[in-house]
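Have a look at the structure below before the remarks.
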Protein chains: 2
Amino acid sequence: MRVSLKDVAAHAGVSIKTVSNVVNNYQHVTPAMRERVQRSIDALGYQPNLAARHLRKGRTGIIALALPELGNPYFAELAAAVIDAAAAHDYIVLLDHTGGRREQEILVSQGFRARVIDGLILSPIELEPEDLSDRAEKVPLVLLGERDYDLPYDHIAIDNVAAARTAVRHLTGLGRREVAFIGARRGRSEPAQLRVRGWREELTAAGLPADDGLVAATDGWGHADGAAAMTRILDSGRRPDAVFAYNDPMAIGAMRVLHERGLRVPEDIAVVGFDDVVEGRFGAVTLTSVSPDKEAIGRLAVESVLTRLGGNEVLTEPRRVRADHRLVERESTVGRAAPGGTGQG
Amino acid sequence: MRVSLKDVAAHAGVSIKTVSNVVNNYQHVTPAMRERVQRSIDALGYQPNLAARHLRKGRTGIIALALPELGNPYFAELAAAVIDAAAAHDYIVLLDHTGGRREQEILVSQGFRARVIDGLILSPIELEPEDLSDRAEKVPLVLLGERDYDLPYDHIAIDNVAAARTAVRHLTGLGRREVAFIGARRGRSEPAQLRVRGWREELTAAGLPADDGLVAATDGWGHADGAAAMTRILDSGRRPDAVFAYNDPMAIGAMRVLHERGLRVPEDIAVVGFDDVVEGRFGAVTLTSVSPDKEAIGRLAVESVLTRLGGNEVLTEPRRVRADHRLVERESTVGRAAPGGTGQG
DNA sequence: GTGAAAGCGCTAACAA
DNA sequence: TTGTTAGCGCTTTCAC
């Protein structure tokens with residue numbers, strides 16, 4: 001059987017409390033006593049039982065992270081950032097994926113799958129504001145991603161409208177006149193709305209067309225969806241000279257279609273993605289992309305959860321935190337002369 | 001405060017045990033009583049405290065999954081498979097990443113980071129057999145990946161030697177005479193050894209060269225490492241007509257270098273990767289790759305852990321489980337005529 | 001500075 | 001079929 005505090009106490013000839021004091025680094029223990037107890041701990045190979053500690057303290061040391069899908073490298077990299085940030089605070093991360101489906105997101109937000117957690121970081125896709133309004137769970141919830149819910153939860157995101165405008169401005173600055181948007185969402189919710197808005201605002205400001213014929217809606221957000229959307233636009237007879245995609249996988253899928261059709265990137269059509277995924281740096285044509293500071297997002301999300309956990313949840317206003325982003329220019333817009341072909345920049 | 005069994009019992013006017021019976025779906029409860037209790041549960045919004053249950057039962061309902069890195073889409077997809085398989089058994093997954101570094105892998109295997117788990121699935125890179133021999137943890141451990149440790153732990157993997165031979169045979173079958181291997185590992189451990197062995201065996205059997213000049217060692221296994229390795233081979237003066245890479249990201253990195261140098265794939269150099277990552281299906285040249293059955297690996301790993309958990313850990317021999325794999329032929333070896341360009345096949 | 005004892009919420013004997 | 005109770009291993013008052 002496992003050795004418990006009691007065993008150690010018996011072995012050292014002291015009370016349970018004293019052992020506990022040593023284990024928890026309590027201040028007022030004489031060095032001699034500390035060493036004596038420590039010797040017993042080592043001798044017996046004692047390891048504290050976390051379940052008991054959790055039961056007693058009401059904390060588990062676990063936060064849950066619920067992402068749409070790990071297959072998208074952006075989310076995989078984000079998960080890595082969250083895990084590291086949590087580790088810095090001695091927290092471990094329970095991972096779940098929702099497939100971006102509303103019911104799953106609701107279940108997760110209600111703590112259905114994981115009731116052993118101190119907090120939850122959720123990156124929703126289809127979730128609607130009302131789904132969160134009657135949340136019974138009392139563990140802190142932090143939202144990630146581009147949708148703005150205006151609910152009493154912290155929210156970490158980059159400025160999606162500004163980021164989209166920057167991307168489009170880059171294209172118009174290169175002389176592109178007809179910029180398509182790939183990755184608007186079919187159905188009721190429109191998670192891409194901020195990026196679509198930025199796209200539209202920037203084009204309108206430049207006096208360029210931003211009509212619906214230039215927007216391709218998709219069901220999902222993978223390579224195949226991007227390829228399908230690009231195909232649809234080309235088949236519609238429209239011939240944009242630039243494409244702004246909701247994310248990198250879609251941009252890469254679109255580039256594949258352009259390649260198959262013999263259209264050159266960027267000469268015939270320039271392409272900009274979003275997320276700055278590693279994959280975009282190694283294609284035959286490297287991909288210009290908006291690069292969110294994933295590391296910061298992960299860190300801020302963890303800190304946000306842990307702060308709420310500290311107890312000021314009710315007191316403090318919900319915070320809207322803006323993480324940084326920047327545009328990384330590569331071959332898909334500026335051609336082979338692009339600086340740092342396969343590098344970071 | 002949280003509502004407990006006691007509160008529900010008081011509310012329903014029954015004993016704690018009866019509520020517990022209802023919560024745990026115990027057989028012998030009269031329907032009337034069950035409904036009455038259920039009504040109180042709903043009214044109070046009762047949720048069982050898992051920490052307490054855990055303390056009592058000694059089970060947490062959590063298994064840990066430790067992977068080298070999430071950035072590699074193979075591992076991300078594998079993580080998704082494990083999460084789904086675990087969910088099917090009402091288990092949730094704690095995720096950790098080791099960076100493929102030995103010390104981290106040792107810490108994880110000793111349960112350092114997560115002591116609240118029922119079992120552990122570990123995909124080691126640098127871990128050495130002796131690191132596991134004095135494992136104090138008593139929770140079941142299941143190993144993933146290509147290294148064969150010959151230790152008393154279950155091990156789920158594909159037949160790497162056979163897979164590598166299949167890949168190389170595909171290349172020689174296409175008339176390639178000089179097949180390089182990218183992705184052997186520098187340093188003491190050699191996780192790629194089975195794939196290198198398969199590569200060597202197949203070439204030797206075909207009477208073709210398999211000398212060290214054709215093997216490029218790398219520090220890591222990302223796109224950049226593949227690119228660097230390819231560069232080194234070309235700069236060495238060697239001009240292979242085919243490359244077999246340890247994994248898809250490396251193969252894609254290598255293809256980028258070939259592209260930059262004006263070498264055509266597959267005409268000048270054919271390329272085969274490993275893992276069949278989505279990304280490989282959407283490049284300018286789609287990638288032929290060995291496709292392991294990730295879904296099966298995830299499922300088998302979870303089942304393996306849970307079986308051991310069942311208690312027969314000591315009784316049963318450690319199992320070596322072989323998951324399936326197959327070669328998916330795409331443009332990087334057979335050219336544009338390849339069937340199913342961007343599709344699954 | 002250290003010890004004794006209560007109790008976190010739950011499950012499982014055992015009793016009724 | 002339902003109730004009573006002990007105790008999982010720990011932390012935490014409160015004495016000493």
Side-chain angles (χ1 to χ4, degrees), chain A residues 1-41 44-62 90 111 114-118 137-139, chain B residues 1-41 44-62 90 111 115-118 137-139 311:
Chain A
M1 206 34 218
R2 255 187 112 103
V3 321
S4 74
L5 271 191
K6 195 158 60 173
D7 302 322
V8 178
H11 185 273
V14 299
S15 83
I16 289 182
K17 173 62 160 89
T18 306
V19 182
S20 174
N21 283 343
V22 173
V23 171
N24 292 292
N25 262 314
Y26 182 62
Q27 298 291 353
H28 310 288
V29 185
T30 56
M33 178 60 89
R34 184 180 296 279
E35 174 161 2
R36 175 163 141 217
V37 171
Q38 188 60 52
R39 224 191 297 278
S40 292
I41 289 177
L44 299 177
Y46 169 74
Q47 289 204 326
N49 179 324
L50 294 201
R53 181 176 290 175
H54 294 162
L55 173 58
R56 187 62 233 223
K57 309 231 295 190
R59 293 277 175 83
T60 64
I62 303 178
D90 278 324
R115 291 202 295 290
V116 272
I117 59 173
D118 291 346
E137 274 297 298
K138 55 250 103 234
V139 306
Chain B
M1 203 38 217
R2 257 186 110 104
V3 321
S4 74
L5 271 190
K6 197 159 57 173
D7 302 322
V8 178
H11 185 273
V14 299
S15 83
I16 290 182
K17 175 60 160 84
T18 305
V19 182
S20 174
N21 283 342
V22 172
V23 171
N24 293 290
N25 261 313
Y26 182 62
Q27 297 292 353
H28 310 288
V29 184
T30 56
M33 178 61 90
R34 183 179 298 278
E35 173 162 3
R36 175 162 143 218
V37 171
Q38 188 60 52
R39 224 189 296 277
S40 293
I41 289 177
L44 298 178
Y46 169 75
Q47 290 204 324
N49 178 325
L50 293 205
R53 180 177 289 174
H54 171 204
L55 174 57
R56 186 64 236 224
K57 308 227 301 187
R59 292 278 175 83
T60 64
I62 302 177
D90 278 323
R115 291 203 295 292
V116 272
I117 59 173
D118 290 346
E137 273 299 298
K138 57 251 105 234
V139 306

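Order of the sequence lines sets the chain letters (A, B, ...), proteins ahead of strands, with each chain counted from 1.
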*Would you give the length of the straight line joining atom CG of L44(B) to atom OH of Y46(B), rounded to the nearest 0.5 angstrom?*
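Here the interatomic distance stands at 11.0 Å.
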_Nearest 0.5 Å, please: how far is NE2 in H54(B) from CG in D118(B)?_
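Output value for this atom pair is 6.5 Å.
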Protein-nucleotide distance ([X], atom [atom1]; [N], atom [atom2]), rounded to Å:
{"X": "Y26(B)", "N": "dT1(D)", "atom1": "OH", "atom2": "P", "answer": "8 Å"}
{"X": "N21(A)", "N": "dA4(C)", "atom1": "CG", "atom2": "P", "answer": "13 Å"}
{"X": "L55(B)", "N": "dG7(C)", "atom1": "CG", "atom2": "C1'", "answer": "12 Å"}
{"X": "D7(A)", "N": "dG9(D)", "atom1": "CG", "atom2": "P", "answer": "8 Å"}

Side chain to side chain, [X] and [Y], heavy atoms closer than 4.5 Å:
{"X": "M33(A)", "Y": "R36(A)", "value": "yes"}
{"X": "L50(A)", "Y": "K57(A)", "value": "no"}
{"X": "V37(A)", "Y": "S40(A)", "value": "no"}
{"X": "L5(A)", "Y": "S20(A)", "value": "yes"}
{"X": "R53(A)", "Y": "V116(B)", "value": "no"}

_Can you build the contact string for nucleotides 10-16 of chain C? Use B for base contact, S for sugar-phosphate-only contact, and - for no protein heavy atom under 4.0 Å._
BBBB---
*Give the angle between the helix axes at the two ends of the helix from dG1(C)-dC16(D) to dA16(C)-dT1(D), taking five base pairs at each end and rounding to 10°.*
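Here the local axes at opposite ends form an angle of 40°.
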Partner residues of [X] under the side-chain hydrogen bond (donor to acceptor under 3.5 Å, both in side chains) criterion, sequence neighbours left out:
{"X": "T30(B)", "value": "none"}
{"X": "R56(A)", "value": "none"}
{"X": "N21(A)", "value": "K17(A)"}

_Interface residues of residues 29-40 of chain A with DNA chain C (non-hydrogen, below 4.0 angstrom)_ =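 Heavy-atom cutoff 4.0 Å gives V29(A), T30(A), M33(A).
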*Write down the atom of D7(B), the atom of V3(B), and the distance for their closest heavy-atom approach.*
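Residues D7(B) and V3(B), closest heavy atoms: OD2-CA, 3.2 Å.
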*Closest-nucleotide 5' rank along DNA chain D - winner of H28(B) and A51(A)*: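 Looking at the nearest nucleotide for each, H28(B) comes out on the 5' side.
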